[in-house]
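Just so it is clear: chains get the letters A, B, ... in the order the sequence lines come, proteins before strands, and each one is counted from 1.
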2 protein chains.
Amino acid sequence: MTTAVPVPSSRDLPHPVRGEIRLEGVLHALSDPVRLRIVRELAAGGVALSCSHFDLPVSKSTTTHHFRVLRESGVIRQNYEGTAKMNGLRRDDLDDLFPGLLDSLLTAAGRQADRHGGT
Amino acid sequence: MTTAVPVPSSRDLPHPVRGEIRLEGVLHALSDPVRLRIVRELAAGGVALSCSHFDLPVSKSTTTHHFRVLRESGVIRQNYEGTAKMNGLRRDDLDDLFPGLLDSLLTAAGRQADRHGGT
DNA sequence: CCCGTACTACGATGCTTATCGTACGACTCG
DNA sequence: CGAGTCGTACGATAAGCATCGTAGTACGGG
């Protein structure tokens, strides 16, 4: 087996394993407007995005905080790539644990954004 | 401008109208284990239930608080019937605003309860 | 080796919330 | 009327959380 050492950065981040993800935690993570917006952008793109890609109405420290909440609740996966920290939705894990939930949530968020002004 | 109506003998309760219900509020309401449990029982029964029907691991004041959060977020509808206060899921409103969401949430909660010990 | 970029860690702050107990109001039934 | 049941209101408390600024660490490129 190709013991491909995947560039073991000294900076790695604690993620919950699939079985540790709790629905309450996911809902709490998504109940914040800033975090919901992040997740919507990640889902729209379909690819991992760096933190700095997002233009959020909060400071950089607060942005870090929100990304940590999303990671610790199991909604996103984070890993470093050079100086950039890449963020990706944990679609596989969430779809396995809670089939259909993520799509319903994203659809609901989209409908609400359409009704009101993208908020 | 609101000519403060005295509201003399009324025991009626403020509910958000359908259009005021916000996804973030609903998710926040359901991110508490006690409230999620209440909603699951309401959905399982399919009918309105009195507050006292629930055997929750919190005090009576706290129970009142949780029911109020659910009502103000638009998840349940409450009305008095004699001394009892009846609680019913706002299925029609939620399904109209966020089609499929409530069912996905309930299914997700059910699966999680199965995996772990009914928690 | 130094500098700029990307992000974090820490401490502070003010707001929200989950919790409780106690005292009270509304209703029903004797 | 009086007692019991059901639920509320209020005040207190402790914890949580969203927010910020500042100072610092890791990495990549000149």
Side-chain angles (χ1 to χ4, degrees), chain A residues 5-15 22 24-39 42 48-73 75-88 119, chain B residues 6-15 22 24-39 41-42 48-73 75-88 119:
Chain A
V5 186
V7 191
S9 175
S10 56
R11 300 198 278 173
D12 64 3
L13 302 153
H15 289 78
R22 299 230 89 214
E24 294 90 329
V26 172
L27 298 184
H28 173 247
L30 298 182
S31 71
D32 181 281
V34 174
R35 292 194 291 259
L36 184 56
R37 172 167 155 185
I38 291 171
V39 169
L42 284 176
L49 296 172
S50 75
C51 290
S52 58
H53 174 271
F54 295 84
D55 186 29
L56 301 171
V58 292
S59 77
K60 233 151 57 120
S61 340
T62 305
T63 298
T64 298
H65 162 71
H66 285 309
F67 276 107
R68 184 174 48 231
V69 171
L70 287 170
R71 171 174 39 91
E72 290 177 348
S73 67
V75 176
I76 67 172
R77 195 178 290 284
Q78 297 189 293
N79 65 294
Y80 282 100
E81 246 165 66
T83 62
K85 192 190 211 168
M86 304 305 290
N87 306 277
T119 321
Chain B
V7 188
S9 69
S10 81
R11 291 218 277 170
D12 65 3
L13 302 154
H15 289 78
R22 298 229 91 215
E24 294 91 327
V26 171
L27 297 185
H28 173 247
L30 298 181
S31 71
D32 181 281
V34 174
R35 292 193 291 259
L36 184 56
R37 174 168 157 184
I38 291 172
V39 169
E41 284 191 44
L42 284 176
L49 297 171
S50 75
C51 290
S52 58
H53 173 271
F54 295 84
D55 185 30
L56 301 171
V58 292
S59 76
K60 243 171 22 149
S61 340
T62 304
T63 299
T64 297
H65 162 70
H66 284 308
F67 275 107
R68 185 173 49 231
V69 171
L70 286 171
R71 185 189 72 239
E72 291 179 347
S73 67
V75 176
I76 66 172
R77 194 178 293 283
Q78 297 189 291
N79 65 294
Y80 282 98
E81 246 165 64
T83 62
K85 191 189 212 169
M86 304 305 288
N87 306 276
T119 322

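- One atom, CZ of B:Phe67, and another, C1' of D:dA9, lie 18 Å apart when rounded to the nearest Å.
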In the 5'-to-3' direction, what one-character label does each nucleotide of nucleotides 10-25 of chain D receive under the scheme B = base within less than 4.0 Å of a protein heavy atom, S = sugar-phosphate only, - = no such atom?
-> -------SSBBBB---
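- The side-chain hydrogen bond (donor to acceptor under 3.5 Å, both in side chains) search around B:Thr83 returns none, not counting sequence neighbours.
- Note: CG (B:Leu13) to C1' (D:dC6) measures 14 Å, nearest angstrom.
- Listed for the B:Asn87 side chain is a donor-acceptor partner under 3.5 Å among the backbone atoms of B:Leu49.
- In this structure, A:Phe54 places its CZ atom 11 Å from P of C:dC7, rounding to the nearest Å.
- Atom CE in B:Met86 sits roughly 12 Å away from atom C1' in D:dC6 (whole-Å rounding).
- One atom, CG of B:Leu56, and another, C1' of C:dC20, lie 15 Å apart when rounded to the nearest Å.
- Applying the side-chain hydrogen bond (donor to acceptor under 3.5 Å, both in side chains) rule to pairs touching residues 26-39 of chain A yields A:Arg35-A:His66, sequence neighbours excluded.
- Here C:dC7 presents its C1' atom at 11 Å from CZ of A:Arg68, a figure rounded to the nearest Å.
- For B:Ser59, the side-chain hydrogen bond (donor to acceptor under 3.5 Å, both in side chains) partners are B:Thr62, not counting sequence neighbours.
- Counting non-hydrogen atoms under 4.0 angstrom, A:Thr64 reaches a base of the nucleic acid.
- When rounded to the nearest whole Å, the span between CD of A:Glu81 and C1' of C:dT5 equals 16 Å.
- The side-chain hydrogen bond (donor to acceptor under 3.5 Å, both in side chains) test applied to A:Ser52 returns A:Ser50, not counting sequence neighbours.
- What separates CG of B:Asp12 from C1' of D:dG7 is a distance of 16 Å, to the nearest Å.
- Taking the ring pair (Phe, Tyr, Trp, His ring centres under 6.0 Å) definition, one finds that B:Phe54 meets it with B:Phe67, sequence neighbours left out.
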